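Everything on this sheet refers to the single structure shown next.
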Amino acid sequence: MSDVIRLLPDSVANQIAAGEVIQRPASVIKELVENAVDAGATDIRIYLKDAGRTLIQVVDNGKGMSETDARMAFERHATSKISEASDLFALSTMGFRGEALPSICAISQVEIKTRTEDSAIGTHLIITGSKVENQEPVVCDRGTNIMVKNLFFNVPARRKFLKSDSVETSNVMREFERLALVNNNIRMSIDTGTRVMDLRAATFKQRIGDIWKNNLDLHLLPIDVDTSLIKINGFISRPEYARRRNPLQYLIVNGRNMRHPYFHKAIMNCYDSLIAADTQPCYFLKFEVDPASIDVNIHPTKNEIKFEYEQEIWPILQASVKAALGKFGAVPSIDFNSDVLPVDPLPTGELPEQPTLDIPDNYNPFAVETPDTFDGGEFLGRRSNERNSAFSSGESRKGYSDYYGKKEHAPSNWDILYAEFLRGRRNTDSEAGSDTLSYQESAPENKFLRGESQNNQDPSLPEMEEKQMVGAFCIQHSLRYIITSSREGVIIIDQHRAHVRILFEEFMRKVEQGGLVAQGVIFADTISLDPEYQEALDEVKDELSRMGFNLEYEEENRWRISAVPSILKNVDPRDIILQILESVIDDSVNYGKEGNIVKGFTEKVALVMARSSAIQGGKKLTDDEMEHIVGELFSLPDPRYTPNGNLIFTLIEDSRLESIFR
């Protein structure tokens, strides 16, 4: 039997490692920029072509590499950062495992020019798929100029699954923001071909303002805490500037970005009762801890970090955030020095006047005067007064049983009272006018809701299965669910999801009939977009215009919303546009495929508008509104699920009910 276990070639091993380290163009930029930071660069420039597919170029003015180092840097696990295992627990640099450059050159064509300060001639190196093709001297500036061309050229499966240019560019911009925020003392610039951002070396607060504009730095509260365990400094946003969409939340540990749900929860707890439930604050916090107390080697991309003293850091972090919120007036407080009421003080020695009540001597608070609104009313009023007089005069309690102990004395006019109630309800419905859908004048499709015969149904309505026929009686439970009956059992409907489905079908129908009509707004709103949102807007601006949204460019990152679809009522257009752009840059959706962008984007916009316009859980509905929702829902061809697959209603069959009570 021959041996079957063998070592993998270096080129294959590097491609496997690249699958963990290099996921997309943004991963390449992260690794190359961190190498430039470790090299002591003070100026880093990034250039992209085709969102990084064709070219990623990073130029820095760091200390550069010698001829030997340039060759060794692309060997697997070659590094200058560590020499023994104990060095892993005292790291002060970004890269240390020697995996980035070998992984990059394994799945691309790499060209590098580098020179050290004490060398007159630099080195030019060309590597394709881990194979060195050429190395020669070259005249170049001090530092390193590295070009990564044709990413994933030899791994077509990985290249095929890259997203559209807008999505990949948004990911690159997001990664650039993280790197620029951490390294605020370095000048950094990026040119994506459609957008240029040049950031000066500045303070941490200035760098925040330079990246996100919109006067964000003016809405921040500072934090500066120094303990023996951890040092925390940075900024948190005021509660009134919490964001519903795209909150900016960054945690930085020893100069390295990280994700940490445990510390995120600690910060969020400090904002309880200060912000709305559907909003989140922005925060930019830097942690400085002993490198030996953290482990940055638990994830291939080093985005997750393990802390030795997580539980001890939690109260320190919470206390620092709460102190900042209280110290700078972010939490409402009571001024005990101010007067409660604006009144003049009384002269010394005077007392306020005592209130006087004019009460008749024969006043009896237990007497009840009942108007004669129906037969028996006079009897009740008279008996009530007589009973109260008997109690006030000290008569025996026997009188009470004489009046009310006999059954024939109890009022028996409930039919008249109920008739008055029905008459009042009809008057209320008639006064409502056209604001509510009248029961008698409801849409034709609601005829089956009132239990009318199938033969009398409007012939223009689609035929429905027998089990979908529901009754007119609807009740609302917990201000979220509509409960009605059918021939098969009891139907429980989520009112928000049902309305979303109804509005989605209506929007899609109008788009197919010629598009949504744009309606100009008198007082136009403005919206400020972060860099990745700018890229997404450039990609779908024409489609937004076709859907009825008109956006006019004002300045660097600000747009004016001059028109919205006329079908939208009582919604915030800024929130809808942000939701739409979020869906564009979502990794799970790819609008870049030819033939799919129009349809996919139209459905996504229709769903966003429907969810924003639909009634929410917690809203009390009238009987007519519930009947209208039920009728519209069950007139749709597929009413069971929302467009994104959420269940709208469930049926509890009669057999199930019988088994419960049996």
Side-chain angles (χ1 to χ4, degrees), residues 18-38 41 44-60 93-95 99-101 103-104 107-108 146-148 151-152 158 161-184 186-199 207-208 210-212 246-253 255-260 282 284 286 296 299-305 529-536 539 557 581-582 584-588:
E20 298 178 347
V21 180
I22 307 302
Q23 301 170 354
R24 51 172 42 95
S27 304
V28 176
I29 291 176
K30 174 183 181 298
E31 299 295 343
L32 296 183
V33 170
E34 287 182 349
N35 285 342
V37 172
D38 288 342
I44 301 175
R45 290 169 287 167
I46 305 170
Y47 303 93
L48 296 183
K49 187 175 181 181
D50 297 332
R53 284 182 174 84
T54 304
L55 173 67
I56 300 173
Q57 183 177 7
V58 177
V59 183
D60 68 71
T93 58
M94 299 298 101
E99 288 182 329
L101 292 180
S103 298
I104 292 172
I107 42 86
S108 64
I146 183 168
M147 292 177 282
V148 179
L151 192 65
F152 298 121
R158 295 289 302 277
F161 284 104
L162 288 177
K163 304 299 182 180
S164 64
D165 285 356
S166 63
V167 174
E168 295 300 342
T169 302
S170 297
N171 286 319
V172 167
M173 295 302 299
R174 192 178 296 112
E175 189 62 49
F176 176 78
E177 291 169 2
R178 295 192 190 102
L179 295 167
L181 183 65
V182 173
N183 304 288
N184 55 280
I186 300 176
R187 179 183 178 182
M188 298 182 66
S189 64
I190 185 170
D191 184 353
T192 66
T194 58
R195 181 174 177 79
V196 177
M197 180 180 287
D198 191 355
L199 303 176
R207 178 57 60 90
I208 294 173
D210 291 342
I211 295 176
W212 289 286
N246 189 34
L248 304 173
Q249 299 171 341
Y250 294 89
L251 293 176
I252 302 167
V253 180
R256 190 187 304 274
N257 272 294
M258 73 164 181
R259 295 191 301 264
H260 207 291
C282 300
F284 311 86
K286 287 185 174 183
V296 300
H299 193 274
T301 60
K302 301 184 285 289
N303 286 329
E304 298 178 8
I305 298 176
L529 300 177
D530 296 335
E532 65 270 21
Y533 281 70
Q534 293 266 100
E535 297 287 342
E539 182 79 10
N557 68 331
L581 297 181
E582 276 186 0
V584 173
I585 62 177
D586 187 355
D587 290 342
S588 63

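For clarity, every value in this text was computed on a predicted model and none was experimentally measured.
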Would you mind reporting whether Asn171 and Arg24 have side-chain heavy atoms less than 4.5 Å apart? yes
Between Thr54 and Leu48, is the side chain to side chain contact (heavy atoms under 4.5 Å, CB included) condition met? List the steps. CA-CA 8 Å; Thr54 304; Leu48 296 183; over 6 Å; no
Start with the C-alpha distance between Leu101 and Asn35, add both sets of side-chain angles, then the distance that settles side chain to side chain contact (heavy atoms under 4.5 Å, CB included), and finish with yes or no. CA-CA 9 Å; Leu101 292 180; Asn35 285 342; 3.9 Å; yes
Taking every non-hydrogen atom, the tightest pair across Glu175 and Ala26: CG-O, 3.7 Å
Less than 4.5 Å apart, side chain to side chain, heavy atoms only: is that true for Leu55 and Met147? yes
Going from CG on Leu251 to CE on Met258, what distance comes out if it is rounded to the nearest 0.5 angstrom? 4.5 Å
Note: Ala100 and Glu31 closest approach over all heavy atoms is CB-OE1, 3.3 Å
Rounded distance (nearest 0.5 Å) linking atom CG of Leu581 with atom CG of Leu529: 6.0 Å
Is Arg45 salt-bridged to Asp198, cutoff N-O under 4.0 Å? no
So Leu199 and Arg187, side chain to side chain contact (heavy atoms under 4.5 Å, CB included) or not? Walk me through it. CA-CA 6 Å; Leu199 303 176; Arg187 179 183 178 182; over 6 Å; no
Do Asp60 and Ile146 have side-chain heavy atoms sitting under 4.5 Å apart? no
dist Arg174:CZ -> Asn246:CG (nearest 0.5 Å) comes out at 7.5 Å
Side-chain contact, heavy-atom cut-off 4.5 Å: Arg256 with Ile305? yes
Heavy-atom side-chain contact between Leu181 and Phe176 under 4.5 Å: no
On a heavy-atom basis, the closest approach of Ile22 and Phe152 is O-CZ, 3.9 Å
What's the shortest heavy-atom distance between Arg158 and Gln23, and which atoms? NH2-CA, 3.5 Å
Which heavy atom of Ser108 sits nearest to which heavy atom of Val148, and what is that distance? OG-CG1, 3.3 Å
Tell me yes or no: between the side chains of Lys30 and Asn257, is some donor less than 3.5 Å from an acceptor? no
Less than 4.5 Å apart, side chain to side chain, heavy atoms only: is that true for Glu177 and Trp212? yes
Short question: side chain of Asp50, backbone of Gly52 - any donor-acceptor pair under 3.5 Å? no
Hey, what do you get for CD1 (Ile208) to SG (Cys282), rounding to the nearest 0.5 Å? 9.5 Å
Looking at every non-hydrogen atom in both residues, tell me the closest pair between Met173 and Ile190 and how far apart they are. SD-CD1, 4.1 Å
Side-chain donor or acceptor of Arg207 paired with backbone N/O of Asn184 under 3.5 Å: yes
CZ of Arg178: more than 12 outside heavy atoms within 6.0 angstrom? yes
Could you tell me whether a side-chain N or O of Glu168 sits under 3.5 Å from a main-chain N or O of Lys163, the two making a donor and an acceptor? yes
For a side chain to side chain contact (heavy atoms under 4.5 Å, CB included) check, start with the C-alpha distance between Leu179 and Met188, then their side-chain angles and the critical distance, and finish with the verdict. CA-CA 9 Å; Leu179 295 167; Met188 298 182 66; 4.1 Å; yes
